[in-house]
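Below is one structure, written out as structure tokens, with a few remarks after it.
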Amino acid sequence: MVEEKNIFEIKNFNVWYGDFQAVKDVNLNISSNRITAIIGPSGCGKSTLLRAMNRMNDLITSSRTSGQMLFHNIDIYDKNTDVIELRRRVGMVFQKPNPFPSSVYENVAYGPKLRGIKKKSALDEIVEQALIKADLWKEVKDKLNDSGLSLSGGQMQRLCIARSLAQQPEVILFDEPTSALDPISTAHIENLLQELQKTVTIVIVTHNMQQAARISHYTAFMYLGELIEFGNTDTIFVNPANKLTEEYITGRFG
Amino acid sequence: MKWQTKERLVEISVSSIGLLSVIVLLLIGFFLFKEAFYIFYKEGVIRVIFGSQWYPTHEPPDFGMFPLIAGTIAVTLLTSIMAIPLGLGTAIYIAEVANHKVKEFLKPLIEMLASFPSVVLGFFGMVIIAPILSNWLSPILSEKLPEMLRNTNLPFISTTLADFCYDKLFIASGLNITTASLMLTVRAIPVIASIAEDALTAVPRTYREASYSLGADKWHTIWKVVIPASVSGLSVAVILGIGTIIGETMIVLMVAGGAAVVPHWIFDAARPMPAAIAAEMAEAPYKSLHYHALFGVGAILFLITFVLSMISDFISRKYRSVRIGEKV
Amino acid sequence: MHTIENMNKPFELACKRKLNIKQGFFLSLIRTLGFSGAITLFLILSFVFYNGFQVLSWEFITEPPIDAMTKGGIFPVIMGTILLTILCMVLVIPVGVITAIFLAEYSKPGVMLKSVMMSIYTLAGVPSVVFGLFGLGVFVVMLNFGTSLLAGSMTLAIMILPYIISTSEEALKAVPYSFKEASLACGATKWQTIWKVVLPTAMPGILTGAILGTAKVSGETAPIMFTAAAFFSPGVPRSVFEPVMALPYHIYVLATAGTHIEETRPIQYGTALVLIVIVLAMNLLGIILRLKQRKKRAW
Ligand SMILES: Nc1ncnc2c1ncn2[C@@H]1O[C@H](COP(=O)(O)OP(=O)(O)OP(=O)(O)O)[C@@H](O)[C@H]1O
Ligand SMILES: [Mg+2]
């Protein structure tokens with residue numbers, strides 16, 4: 001395995017929506033080339049924390065942060081940080097697959113075009129590579145010009161992953177990527193994540209405890225905006241240090 | 001009476017009143033074409049529509065509507081050039097760029113502008129814009145500017161361009177199709193802006209999220225994602241805006257200059273179709289050829305707006321089916 | 001593999017915020033365009049208010065015109081517009097609301113619904129001068145109402161019908177299904193439910209639509225030009241079969257016809273001011289009502 005280092009360091013990090021504090025004093029390190037899962041009951045701030053990692057919460061006007069969110073030791077909330085470059089390196093895949101209402105090809109080429117790649121041959125190659133990496137190439141290579149919305153749910157989600165991969169990100173953030181999918185598509189995506197983890201750092205929010213246990217190396221458990229426990233997935237699931245964590249993973253609440 | 005019978009009666013009465021708008025539309029169409037028929041029958045469709053002489057009160061009269069149609073086309077084109085970018089720009093600003101407070105302020109304002117009486121716009125054009133054009137702009141553009149250009153002694157600029165300004169930028173009367181188009185623009189902006197704003201707002205938030213998460217900036221997201229996703233709604237806005245321009249009466253009646261000749265230049269006067277109806281109907285004797293001719297103009301106007309409504313209805317239907325076909 | 005700009009640079013070196021000239025340019029352009037409407041409205045309003053205030057007085061709005069309309073007030077003109085608008089609304093609201101009830105509650109998918117919806121959509125796009133022609137032919141001549149308050153109001157009613165239908169339909173459709181369920185579950189019939197539950201709940205929305213419709217109607221000129229408007233009438237009409245003066249038509253006539261155009265400028269400004277105040281007041285009222293309803297809607 002590739003050597004791991006802390007690609008994200010989150011220090012005393014808080015997020016507010018107006019007066020409501022959704023993330024409270026979180027300290028967390030994300031290791032490169034590993035899968036980190038964030039679990040916790042609904043409304044505990046998982047999505048909020050995840051969206052803070054590539055500043056998608058900038059889009060919510062009422063939101064405000066404090067503390068440090070270091071990516072490669074750079075505070076991404078520093079006013080001099082280029083949020084565009086950040087989001088290029090830290091991609092995101094959402095709960096509901098959200099391809100653009102354009103062709104499969106255009107969906108994947110969106111990012112590279114954004115970065116100024118115009119040559120058709122170059123784009124073709126990037127699109128193909130990204131689709132191969134997202135394990136979608138075989139299924140769509142004959143319908144690259146079909147609408148992205150004509151694919152099945154699982155295919156759409158892999159299209160969204162390919163779209164992110166086309167920009168060669170360092171990290172991809174997944175917010176419950178399989179909760180809208182059937183079990184077979186879910187298994188497909190889980191396999192894909194394990195494959196991707198060799199080259200990309202993955203942070204995944206999930207409600208599915210088995211999923212976290214199956215695929216992640218590290219697990220963070222959040223409750224009411226606080227990070228309760230963080231550690232090796234095996235340790236967390238087999239031998240949790242905190243009472244709350246134990247109750248949650250054994251399904252006694254939430 | 002049994003309650004079932006009562007309910008049935010209510011349903012029948014409600015439904016028949018519901019049909020009233022169909023009947024009204026059919027009546028309007030029927031009546032217009034009935035009254036218009038005679039002029040086309042008497043003078044011939046081609047001669048009426050393409051005839052270039054509109055002298056309805058001469059002896060013998062001429063009912064060539066082409067100058068009126070050309071007037072409408074001219075002001076519509078000129079207005080579209082200004083109103084479409086301004087209207088769409090306003091919509092994009094309100095829907096995508098403005099913050100919440102500005103939005104809450106601008107939206108009702110646009111709505112107010114939409115119900116602003118057009119007679120007041122015409123009045124404003126007459127007493128403010130027209131004098132500005134003829135008394136102030138014209139001397140600058142057709143006297144001072146050519147003189148300055150001539151003094152440069154540069155090839156082309158001191159000759160051809162200077163002559164052009166001297167000839168073409170002289171504004172004999174402020175009541176012309178440019179003034180009319182300026183006021184029509186004010187009329188059309190809110191129509192285009194409010195429909196376009198709805199179309200933009202209807203674009204799912206997830207599209208924007210996807211774009212931003214890929215590191216696109218705001219402008220790129222608007223241009224490459226939001227606008228393409230709402231292009232059908234935006235075209236409906238443009239089409240209905242054009243319909244408003246074509247049918248608007250008071251502005252063209254008051255400031256287009258009134259000359260029933262084909263305009264050749266932006267400072268020429270014109271008599272667009274609605275202006276002809278409004279100006280002449282009062283004097284046209286009942287059932288005279290002139291009366292029928294004006295109904296003919298009305299029928300053409302009705303037909304144009306009818307077709308525009310059909311097109312925009314077709315587009316928005318198609319657009320809706322795309323949104324339903326979207327699986328997630 | 002083709003490399004993306006900054007791809008191989010470490011984040012530390014690539015993360016400096018870049019000046020985004022293109023975005024800056026286009027967003028400022030859009031910002032400017034966005035305010036164009038507001039600025040125009042402001043300019044025209046200040047023109048009307050500045051000039052109109054100088055003639056406005058108690059006498060101006062309570063006295064009839066004198067000396068071939070070159071002096072005096074505009075009382076009959078204001079009354080004419082108010083009467084036209086009220087009569088128009090009295091005629092159009094029942095028809096509009098019932099049509100909306102048909103669309104929202106009784107219609108079934110099919111040819112009939114489709115044609116009703118198409119007609120409403122098309123009617124909304126018909127130019128107002130065409131309604132004027134129709135009113136002239138049918139109400140003034142065929143039904144022999146003459147150029148009259150009634151003919152004008154009916155013409156305006158047909159013109160505003162699509163607007164009233166669609167605002168009422170929207171209000172009716174905003175009534176939550178659970179309200180209807182509750183009433184039906186109590187053993188009420190469909191019509192009783194509509195009459196006792198749906199209509200009252202939708203009433204504020206319907207009224208708001210009607211008020212905004214009033215604003216549109218009172219500023220219209222073309223539909224009343226040959227159906228209702230009189231160049232001069234000494235006072236308030238005694239019956240609906242008499243012609244009336246109206247604010248928009250008065251502005252038009254004074255500003256374009258006759259030999260006293262310059263002389264009557266002040267009256268034109270004053271009339272425009274009164275018209276604008278009525279239209280804007282109605283608009284504001286409608287907008288405020290709508291905001292209030294949006295806040296209050298707890299369901
Ligand atoms: N845009 C917003 N404005 C205000 N409050 C918000 C907003 N988004 C989320 N919240 C609140 O912040 C808290 C955390 O929300 P978040 O979406 O991060 O939870 P989550 O852990 O992802 O929950 P779920 O598992 O249901 O997705 C919740 O209480 C939520 O109500
Ligand atoms: Mg969430």
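Every chain is numbered from 1 and lettered A, B, ... according to where its sequence line falls, protein lines coming before strand lines.
A donor-acceptor pair is defined here as one N or O able to donate and one able to accept, closer than 3.5 Å; such a pair exists between the side chain of Ser119(C) and the backbone of Ser115(C). Between the side chain of Lys218(B) and the main chain of Leu27(C), no donor-acceptor pair closer than 3.5 Å is present. Between the Arg187(B) side chain and the Ala114(B) main chain, a donor and an acceptor come within less than 3.5 Å of each other. Thr147(C) places no side-chain N or O within donor-acceptor distance of the main-chain N or O of Pro243(C), the cut-off being under 3.5 Å. Listed for the His292(B) side chain is a donor-acceptor partner under 3.5 Å among the backbone atoms of Glu35(B).
Both the backbone and the side chain of Ile44(C) have a heavy atom closer than 4.5 Å to some heavy atom of chain B. With a 4.5 Å cut-off on non-hydrogen atoms, Gln268(C) touches chain B through its backbone and its side chain both. For Leu253(B), the part lying under 4.5 angstrom from a heavy atom of chain C is the side chain only. The part of Ile128(B) that comes within reach of chain C is its side chain, from C-beta onward, which places non-hydrogen atoms under 4.5 angstrom from that chain. Neither the backbone nor the side chain of Tyr249(C) comes within contact range of chain B; no heavy atoms are under 4.5 Å apart. Residue contact with chain B, scored on non-hydrogen atoms closer than 4.5 Å, involves the side chain of Phe226(C) exclusively. Only the side chain of Phe47(C) has a heavy atom closer than 4.5 Å to any heavy atom of chain B. For Thr249(B), the part lying near chain C is the side chain, with the backbone staying farther off; criterion is any non-hydrogen pair under 4.5 Å. Of the atoms belonging to Thr189(C), heavy atoms from both backbone and side chain fall under 4.5 Å from chain B. For chain B, the nearby part of Val279(C) is the side chain; its heavy atoms alone come within less than 4.5 Å. Looking at Met273(B), neither its backbone nor its side chain comes within 4.5 Å of chain C, counting heavy atoms on both sides. Of the atoms belonging to Pro190(B), not a single heavy atom falls under 4.5 Å from chain C. Contact of Leu212(C) with chain B is made through the side chain alone, with heavy-atom distances under 4.5 Å. Contacts of Leu133(C) with chain B are made by both backbone and side-chain atoms, with heavy-atom separations under 4.5 Å. If you measure heavy-atom distances from Met112(C) to chain B, the contacts under 4.5 Å come from the side chain alone. In this structure, chain B has a heavy atom under 4.5 Å from the side chain of Thr40(C), while its backbone stays farther away. The part of Ile276(C) that comes within reach of chain B is its side chain, from C-beta onward, which places non-hydrogen atoms under 4.5 angstrom from that chain. With a threshold of 4.5 angstrom between heavy atoms, Ile287(C) approaches chain B through side-chain atoms but not through N, CA, C or O. When heavy atoms are compared at a cutoff of 4.5 Å, Leu113(C) does not approach chain B at all.
Rounding to the nearest 0.5 angstrom, the gap separating the CD1 atom in Ile28(B) from the CG atom in Leu123(C) is 5.5 Å.
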Task: Evaluation steps, salt bridge (charged side-chain N to carboxylate O under 4.0 Å, His left out), between Glu280(B) and Arg271(B) - done: CA-CA 11 Å; Glu280(B) 297 167 23; Arg271(B) 173 173 291 215; 2.4 Å; yes

TODO: List the steps, then state whether salt bridge (charged side-chain N to carboxylate O under 4.0 Å, His left out) holds for Glu111(B) with Lys216(C).
DONE: CA-CA 11 Å; Glu111(B) 207 173 323; Lys216(C) 289 183 199 299; over 6 Å; no

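Interface check for chain B: of the options Thr122(C), Leu284(C), Val130(C), the most heavy-atom pairs under 4.5 Å are formed by Thr122(C).
Of the listed residues (Ser309(B), Ser312(B), Ser21(B)), just one forms a side chain to side chain donor-acceptor pair (under 3.5 Å) with Tyr121(C), and that residue is Ser312(B).
Remark: the Glu248(B) side chain and the Ser118(B) side chain contain an N/O donor-acceptor pair separated by less than 3.5 Å.
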